[in-house]
Amino acid sequence: QVQLVESGGGSVQAGGSLRLSCVASGYTERRYCMGWFRQAPGKEREVVAGVYSRGASTYYADSVKGRFTISQDSAKNTLYLLMNSLKPEDTAMYYCAVAAIYCDADWYPGEAAFPYWGQGTQVTVSS
């Protein structure tokens, strides 16, 4: 049984930082696409950042390039998202997801391609 558990969300002021964590268990595929999505109230869920097969390739949405960094600790089965220079528009519920599919720096699959999701962690950025 695959489980993804996010943590690290919270409330910060604009310009602040947060680091999200996603601990994965029960997932045995060696090649996979894993990443972070977010959904703000009244908006569709969107991809934020992703990684393919333990960091072979990373993807960032244009809105977070230069501010967010995705990384993995394979020994801990943990995916991280370091978020710097946070803006009020980053306010959303953040989810991690994983799928046995390809992704790279130039292309990232939509949410429908991901069968496994965490429960989400809330990030709130005040101005």
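Transitive grouping of hydrophobic side chains (ILVMFWY, heavy atoms separated by less than 4.5 Å) keeps Ile70 and Tyr95 in distinct clusters. Using a 4.5 Å cut-off between side-chain heavy atoms of Ile, Leu, Val, Met, Phe, Trp and Tyr, with links allowed through other members, Tyr116 and Val5 fall into different hydrophobic clusters. Note: the hydrophobic cluster containing Tyr59 also contains Ile101 (ILVMFWY, side chain heavy atoms under 4.5 Å, direct or indirect links).
Looking at Thr58, its side chain never comes within 3.5 Å of a backbone N or O of Val51 through a donor-acceptor pair. Not a single donor-acceptor pair under 3.5 Å links the side chain of Tyr108 to the backbone N or O of Val48. When atom types are taken as modelled, the side chain of Thr78 and the backbone of Asp73 share no donor-acceptor pair closer than 3.5 angstrom. Within the 3.5 Å criterion, the main-chain N or O of Glu6 finds a donor-acceptor partner in the side chain of Gln119.
The distance from atom NZ of Lys43 to atom OG1 of Thr91, rounded to the nearest 0.5 Å, is 10.0 Å. With rounding to the nearest 0.5 angstrom, the CZ atom of Phe37 is 13.0 Å from the OH atom of Tyr94. Note: Cys96 SG to Leu79 CG = 6.5 Å, rounded to the nearest 0.5 Å. Atoms CH2 and OG, on Trp107 and Ser57 in that order, are 11.5 Å from each other to the nearest 0.5 Å.
Residues in residues 110-127 take part in these salt bridge (charged side-chain N to carboxylate O under 4.0 Å, His left out) pairs, two or more places apart or across chains: Arg45-Glu111.
Of all heavy-atom pairs spanning Ala99 and Ala113, the tightest one is CB-O, 3.4 Å. Considering all non-hydrogen atoms of both residues, Met93 and Gln122 come closest at SD-N, 3.5 Å. Annotation for Cys103 and Pro109: closest pair CB-CD, 3.7 Å, computed over non-hydrogen atoms. Minimum heavy-atom separation, Gly9 to Thr121: N-OG1, 3.0 Å. The minimum heavy-atom distance linking Leu86 with Val12 is given by the pair CD1-CG2, 3.6 Å. Taking every heavy atom of both residues into account, Ala49 and Tyr60 meet most closely at CB-CD2, 3.7 Å.
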Return all side-chain donor-acceptor pairs below 3.5 angstrom for residues 13-31, not counting sequence neighbours, or 'none' if the list is empty.
{"from": "Ser17", "atom 1": "OG", "to": "Asn84", "atom 2": "OD1", "distance (Å)": "2.8"}
{"from": "Tyr27", "atom 1": "OH", "to": "Ala100", "atom 2": "N", "distance (Å)": "3.0"}

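Looking at Arg38 and Val123, their side chains never come closer than 4.5 Å, going by heavy atoms from C-beta outward.
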Would Asp104 and Tyr52 count as a side-chain contact (heavy atoms from CB on, under 4.5 Å) here? Give the steps. CA-CA 6 Å; Asp104 64 26; Tyr52 177 66; 5.9 Å; no

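Taking the charged nitrogens against the carboxylate oxygens, Asp90 and Lys87 have no contact shorter than 4.0 Å, which rules out a salt bridge.
With sequence neighbours excluded, no residue forms a ring-ring contact (aromatic ring centres under 6.0 Å, His included) with Tyr80.
In summary, the aromatic rings of Phe68 and Trp36 are positioned with their centroids too far apart to meet the 6.0 Å limit.
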